[in-house]
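Read the structure below first, then the notes.
Residue numbers count from 1 along this sequence.
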Amino acid sequence: TIASHIASVTGRPFRIRRQQSVGGGCINRAVVLADDARAYFVKLNSVDRLAMFEAESEGLAALREAEAIRVPEPVCTGITGAQSYLAMEHVDLTGRLDGAQAGRRLACLHRCTATDFGWHRENTIGSTPQHNTRSRDWVAFWRERRLGFQLDLAARNGYGRALLDSGERLMSVLDGL
């Protein structure tokens, strides 16, 4: 099913010749699917995670538009059997990474700005929801939708007072940043 979907979206036949399980994150199973000419990195998870993959695919496309750092091209998302999937271009990361150059490109990505903070849709960090309601105020956005949300989650999950106190101190000085 995934190979057929890739072929349909790319307009080129794709018949799996090699399949290799690889690391791809702590919450997903990941495989590289390849024919004789192309390879795709595919993340797999339960059917109820399709929206997570759709948001990730859209996020990858947005990052690619910045043309600041190499980002794999998302190809397709879907459901096969009891699994949802995200297929993207496979980027070979076995070569030596130039840390300074990667840092400069990441800095370039962060120079791409907008008039407000957030995004047009909700997404996730791993399996944790990430709320993206837009705000014109960076401090308010960060305090409420990033740091504040994570601290609330930590409190609900029983993390100690020391972490919560540190987080509250940080939130109280965000304006100074």
Side-chain angles (χ1 to χ4, degrees), residues 2-3 5-12 14 20-34 37-46 48-80 83-150 153 174 177:
I2 297 171
H5 196 180
I6 290 169
S8 172
V9 169
T10 63
R12 295 175 53 201
F14 181 70
Q20 177 184 0
S21 291
V22 294
C26 60
I27 67 165
N28 302 304
R29 190 167 69 87
V31 296
V32 174
L33 304 178
R38 299 176 293 159
Y40 298 94
F41 181 79
V42 179
K43 291 182 173 185
L44 302 153
N45 206 313
S46 60
D48 64 329
R49 296 292 183 181
L50 179 60
M52 174 184 74
F53 287 149
E54 291 170 339
E56 182 175 353
S57 177
E58 194 173 338
L60 288 168
L63 289 170
R64 283 179 62 83
E65 287 176 13
E67 297 180 344
I69 194 166
R70 179 74 168 87
V71 176
E73 181 179 3
V75 177
C76 58
T77 60
I79 293 174
T80 179
Q83 298 182 94
S84 61
Y85 62 87
L86 164 60
M88 66 187 86
E89 167 192 23
H90 177 257
V91 177
D92 184 5
L93 300 175
T94 58
R96 183 177 174 163
L97 177 65
D98 178 344
Q101 184 179 25
R104 284 190 295 276
R105 288 182 179 168
L106 187 59
C108 183
L109 176 65
H110 282 87
R111 282 192 293 272
C112 296
T113 61
T115 58
D116 52 8
F117 303 91
W119 203 31
H120 68 275
R121 71 179 293 173
E122 308 295 340
N123 61 356
T124 60
I125 299 175
S127 60
T128 303
Q130 180 165 269
H131 303 289
N132 293 311
T133 304
R134 292 184 190 265
S135 172
R136 293 214 178 252
D137 182 334
W138 177 85
V139 172
F141 178 82
W142 191 259
R143 183 180 286 130
E144 296 164 17
R145 296 190 187 89
R146 294 297 183 264
L147 184 56
F149 178 77
Q150 290 296 322
L153 187 61
L174 281 178
L177 298 176

Rounded to the nearest 0.5 Å, how far does NE2 of H5 lie from OG1 of T10?
10.0 Å
Rounded to the nearest 0.5 Å, what's the gap from CZ on R143 to CH2 on W138? Could you check?
9.0 Å
Under the 3.5 angstrom rule, does the side chain of S21 hit a backbone N or O of V31 as a donor-acceptor pair?
no
Between R146 and Q130, is any pair of side-chain heavy atoms under 4.5 Å apart?
yes
Kindly give the heavy-atom pair with the smallest separation between A39 and V32, and that separation in Å.
CB-CG1, 4.1 Å
Heavy-atom nearest pair, L50 first then S84, reads N-OG, 3.5 Å
Hey, could you give me each pair passing salt bridge (charged side-chain N to carboxylate O under 4.0 Å, His left out) that has a residue in residues 122-137? Not counting sequence neighbours.
D116-R134
Atom CH2 of W119 with >12 non-hydrogen neighbours under 6.0 angstrom
yes
Quick check: closest heavy atoms across A30 and F41, and the distance to 0.1 Å?
CB-CZ, 3.7 Å
Inter-residue atom distance T124.OG1 - R49.CZ, 0.5 Å rounding
7.5 Å
What's the shortest heavy-atom distance between G126 and M52, and which atoms?
O-SD, 3.5 Å
Atom of T128, atom of Q150 and distance for their closest heavy-atom approach
CG2-NE2, 3.8 Å
Contact check, side chains of C76 and I6, non-hydrogen atoms, under 4.5 Å
yes
Would you indicate whether the side-chain heavy atoms of R145 and S135 approach each other to under 4.5 Å?
yes
Starting at CG of N45, measure out to CG of N28 and round the result to the nearest 0.5 Å.
4.5 Å
Neighbour count above 12 (heavy atom, 6.0 Å) for R70 CZ
yes
Calculate, to the nearest 0.5 Å, the distance between atoms CD and CZ belonging to Q83 and R29 respectively.
5.0 Å
Among all residues two or more places apart in sequence or in another chain, which pass the side chain to side chain donor-acceptor pair (under 3.5 Å) test with R64?
none
Let me confirm one number: the OG1-CD1 distance from T77 to I2, rounded to the nearest 0.5 Å.
11.0 Å
